[in-house]
Amino acid sequence: MPELPEVETYVRELTPLLAGRRVGAAQVFWPRTIAAPDVATFQTQIIGQEFATFGRRGKYMLLGLASGATLIVHLRMTGHLQVEPASVTPDKHTHVMLDLDSGERLLFRDARKFGRIWLVDDSAPVLARLGPEPLSDDFSPGGLGALLAGRQAAIKALLLDQTIVAGVGNIYADEALFRAGIHPLRSGGGLTEVEVVRLYAAVCAVLADGIAAAGSSLGVSSIQNYQRPSGAPGSFQEQHRVFQRTGQPCLVCGAPIARIVVAQRSSHFCPHCQK
DNA sequence: ATAAGGCCCTGACCGC
DNA sequence: TGCGGTCAGGGCCTTA
């Protein structure tokens with residue numbers, strides 16, 4: 001599942017493939033993929049647009065166009081965005097296809113159909129609910145502590161809340177809590193100042209390590225798996241210490257990694273190392 | 001304001 | 001082999 005490191009990898013690797021490319025015809029096979037504007041308007045407005053700038057906010061990909069508009073893409077669970085030769089035949093998971101003036105096509109594929117695309121003049125309303133961007137100056141131990149103060153919910157659930165930290169998903173939340181030595185069911189407001197600082201550092205570290213490894217690929221099949229634009233996998237799964245390691249020995253203490261459900265999400269942790 | 005539960009989706013997997 | 005049922009889960013919406 002694409003989280004911040006996976007989306008960051010996408011942005012970096014799509015940049016040389018899309019920079020300066022102009023969009024021709026657009027085909028939309030699953031209308032709900034286009035969150036805004038309506039499909040007909042999207043198809044009209046995307047034609048002739050040129051990819052110019054490339055950015056990311058949380059798990060949102062921001063493909064800036066020379067006109068000033070922005071194509072925002074959220075991959076959600078199983079979305080893929082790939083550049084392929086124009087001879088490619090769209091399969092049943094291809095929901096949006098943009099012709100490029102390079103003789104290629106940009107394809108949005110998504111087995112679960114949760115992914116969304118926006119074409120907007122102003123990206124701010126789409127991103128308005130996002131909290132601080134980790135790996136930036138907007139994210140700090142003090143700021144994190146302030147957002148957690150008074151919250152009774154489990155810290156695992158709060159890490160998944162995009163208004164607390166933008167871009168953290170299930171994998172990186174579990175890995176960060178392990179590195180910080182914090183049990184996923186601890187209440188957010190109950191963390192000590194020292195623990196908040198440790199958690200802050202752990203979130204930054206796992207995200208940076210995830211980016212360095214080009215993300216985590218561990219889906220059961222290629223259509224569900226996160227893949228880079230080239231189709232290559234990331235390698236951060238090789239560094240997972242708890243995620244999907246249920247029953248395997250903790251790499252620190254040897255205790256079996258446990259799995260519980262928190263906020264309707266599977267959570268993996270070491271019962272011995274995480275208090 | 002916060003927390004919890006439902007919803008959207010379909011491939012993979014399990015039991016029979 | 002095939003069928004029905006269950007699970008996974010990000011973000012948004014509704015409910016309490």
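For the numbers below, each heavy atom of this structure counts, side chains included, while hydrogens, waters and symmetry mates do not. Each chain gets a letter, A, B and so on, in the order its sequence line appears, and its residues count up from 1. Nothing here was measured: the structure is a model prediction, and the numbers come from that model.
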Selection from [options] that lies nearest to any side-chain heavy atom of [X]:
X	options	answer
R151(A)	dG9(C), dT2(B), dG11(C)	dT2(B)
Q162(A)	dG10(C), dG11(C), dG11(B)	dG11(C)
Y60(A)	dG10(C), dA8(C), dC12(C)	dC12(C)
Q264(A)	dG5(B), dG10(C), dA8(C)	dG5(B)
R76(A)	dG11(B), dG11(C), dG9(C)	dG11(C)
A153(A)	dA3(B), dC12(C), dG11(B)	dA3(B)

Rounding to an integer number of Å, can you tell me how far [X] [atom1] sits from [N] [atom2]?
X	N	atom1	atom2	value
L159(A)	dA3(B)	CG	P	13 Å
I164(A)	dT2(B)	CD1	C1'	11 Å
D110(A)	dT10(B)	CG	P	10 Å
D161(A)	dA1(B)	CG	C1'	12 Å
F108(A)	dC9(B)	CZ	P	13 Å
E3(A)	dG10(C)	CD	P	7 Å
R129(A)	dA1(B)	CZ	C1'	15 Å
R32(A)	dC9(B)	CZ	P	4 Å

So what does [X] touch, heavy atoms closer than 4.0 Å: a base, only the sugar-phosphate, or nothing?
X	result
S266(A)	sugar-phosphate
R259(A)	sugar-phosphate
H95(A)	nothing

Taking only side-chain N and O atoms of [X], does any of them lie within less than 4.0 angstrom of OP1 or OP2 on [N]?
X	N	value
H74(A)	dG10(C)	no
K92(A)	dG11(B)	yes
R265(A)	dG10(C)	yes
K59(A)	dG11(C)	yes

Point to revise | D138(A) (side chain) donor-acceptor with E133(A) (main chain) under 3.5 angstrom | key: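 Pair absent, no side-chain N/O of D138(A) close to backbone of E133(A).
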Point to revise | Closest heavy-atom pair and its distance - G115(A), D110(A) | key: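 Shortest heavy-atom contact: N-OD2, 2.6 Å.
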Exercise for review: Flag yes if more than 12 heavy atoms outside D122(A) fall under 6.0 Å of its CG atom; otherwise flag no.
Suggested key: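 More than 12 heavy atoms, drawn from other residues, nucleotides or ligands, come within 6.0 Å of this atom.
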Review point. Does E8(A) come within less than 4.0 Å of R12(A), counting only side-chain N to carboxylate O?
Key: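 Between R12(A) and E8(A) there is a salt bridge, with a charged N closer than 4.0 Å to a carboxylate O.
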Review point. Do Q237(A) and Y226(A) get their side chains close enough for a donor-acceptor pair, meaning under 3.5 Å?
Key: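 There is no such pair between these side chains.
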Point to revise | Short side-chain donor-acceptor distance under 3.5 Å, R129(A) and Q162(A) | key: no
Practice item. Check whether the aromatic ring of F114(A) stacks on the base of dG10(C), taking stacking as ring centres less than 5.5 Å apart and planes within 30° of each other. Key: yes
Review point. Which residue, R112(A) or L158(A), contacts DNA chain B at a nucleotide closer to its 5' end, judged by nearest heavy atom?
Key: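 Checking each residue's closest nucleotide, the 5'-ward one belongs to L158(A).
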